[in-house]
Visitor: 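This is the structure I want to talk about, given as structure tokens.
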Amino acid sequence: MTAETPWSEYAIALAAAAVCTGVCRLLSPHLELTNLIMVYLVGALLVAARGHRIPAALFSVLAVLCFDFFFVPPRFSFSVSDSQYLLTFVVMLAVSLVISGLTLRLHAQAESARRD
């Protein structure tokens with residue numbers, strides 16, 4: 001990991017959020033909303049595996065925003081009709097950030113082991 005994150009890593013985080021949203025759009029007729037969250041969590045893992053903390057956090061926030069905007073009723077709005085989804089968003093963000101943090105730590109340990 002370098003001290004400065006290349007801009008391409010931010011672009012990858014944005015692209016990953018778009019891809020996850022597209023996959024969720026394809027799966028949404030067949031799965032419950034809670035299952036769609038898993039697609040975003042896999043995306044968080046893949047973005048974090050690249051080894052950059054801020055793009056991984058950016059992806060986590062984008063994942064929650066995309067999930068809310070595109071899938072939670074009322075769709076295409078950031079308003080929420082069921083207040084229980086607010087808890088879902090908080091938990092989704094927390095789990096995504098934890099997954100990212102653990103993946104980044106594993107990445108750093110693997111880099112350190114390679115150097116030793």
Visitor: When clusters are formed by joining ILVMFWY residues with side-chain heavy atoms under 4.5 Å apart, either directly or through shared neighbours, do Leu26 and Phe69 land in the same one?
Guide: no

Visitor: Can you list, by chain and residue number, the hydrophobic cluster partners of Tyr10 when the side-chain cut-off is 4.5 Å?
Guide: Trp7, Leu14, Ile54, Leu58, Leu62

Visitor: Output the distance between atom CG (Leu104) and atom NE2 (His107), rounded to the nearest 0.5 Å.
Guide: 8.0 Å

Visitor: So, for Val47 and Ala16, which heavy atoms are closest and what is the spacing to 0.1 Å?
Guide: CG2-CB, 3.5 Å

Visitor: Between Leu102 and Val98, is the side-chain contact (heavy atoms from CB on, under 4.5 Å) condition met? List the steps.
Guide: CA-CA 6 Å; Leu102 292 172; Val98 168; 3.9 Å; yes

Visitor: Just grab all the side-chain hydrogen bond (donor to acceptor under 3.5 Å, both in side chains) pairs involving residues 88-102, residues at least two apart or on different chains.
Guide: Ser60-Ser96

Visitor: Please collect all ring pair (Phe, Tyr, Trp, His ring centres under 6.0 Å) contacts where either partner lies in residues 15-50, sequence neighbours excluded, each pair once.
Guide: none

Visitor: Would you give the length of the straight line joining atom OG of Ser8 to atom CZ of Arg50, rounded to the nearest 0.5 angstrom?
Guide: 7.0 Å

Visitor: Between Met38 and Val90, is there shared hydrophobic-cluster membership here, with clusters defined by ILVMFWY side-chain heavy atoms closer than 4.5 Å?
Guide: no

Visitor: Please enumerate all residues that pass side-chain contact (heavy atoms from CB on, under 4.5 Å) together with Val19, with sequence neighbours excluded.
Guide: Val23

Visitor: According to a 4.5 Å side-chain heavy-atom criterion applied to Ile, Leu, Val, Met, Phe, Trp and Tyr, with indirect links allowed, do Leu93 and Val42 form part of one hydrophobic cluster?
Guide: no

Visitor: Who pairs with Arg114 by salt bridge (charged side-chain N to carboxylate O under 4.0 Å, His left out), at least two apart in sequence or on another chain?
Guide: Glu111

Visitor: Starting at CG of Leu46, measure out to CD1 of Ile12 and round the result to the nearest 0.5 Å.
Guide: 11.5 Å

Visitor: Linking I/L/V/M/F/W/Y whenever their side-chain heavy atoms sit closer than 4.5 Å, directly or via other members, would Val91 and Leu86 fall into one cluster?
Guide: yes

Visitor: Identify the heavy atoms of Ile99 and Thr103 that sit nearest to each other, and give their distance.
Guide: O-OG1, 2.8 Å

Visitor: Checking Leu36 now: which residues fulfil side-chain contact (heavy atoms from CB on, under 4.5 Å) with it, not counting sequence neighbours?
Guide: Cys24, Leu27, Ser28, Leu31, Leu33, Phe67, Phe71

Visitor: To check you understand the geometry: which heavy-atom pair defines the closest contact between Phe59 and Gly43, and what is its length?
Guide: CE2-C, 3.4 Å

Visitor: If you take all heavy atoms of Thr5 and Pro55, which pair is closest and at what distance?
Guide: CG2-CG, 3.5 Å

Visitor: In sequence, state the C-alpha distance, the side-chain angles, and the governing distance for Phe89 and Leu65, and then conclude on side-chain contact (heavy atoms from CB on, under 4.5 Å).
Guide: CA-CA 9 Å; Phe89 300 150; Leu65 292 174; over 6 Å; no

Visitor: How far does CG of Leu97 sit from CE of Met92, to the nearest 0.5 angstrom?
Guide: 10.5 Å

Visitor: Without swapping roles, check the side chain of Ser112 against the backbone of Ala108 for a donor-acceptor pair under 3.5 Å.
Guide: no

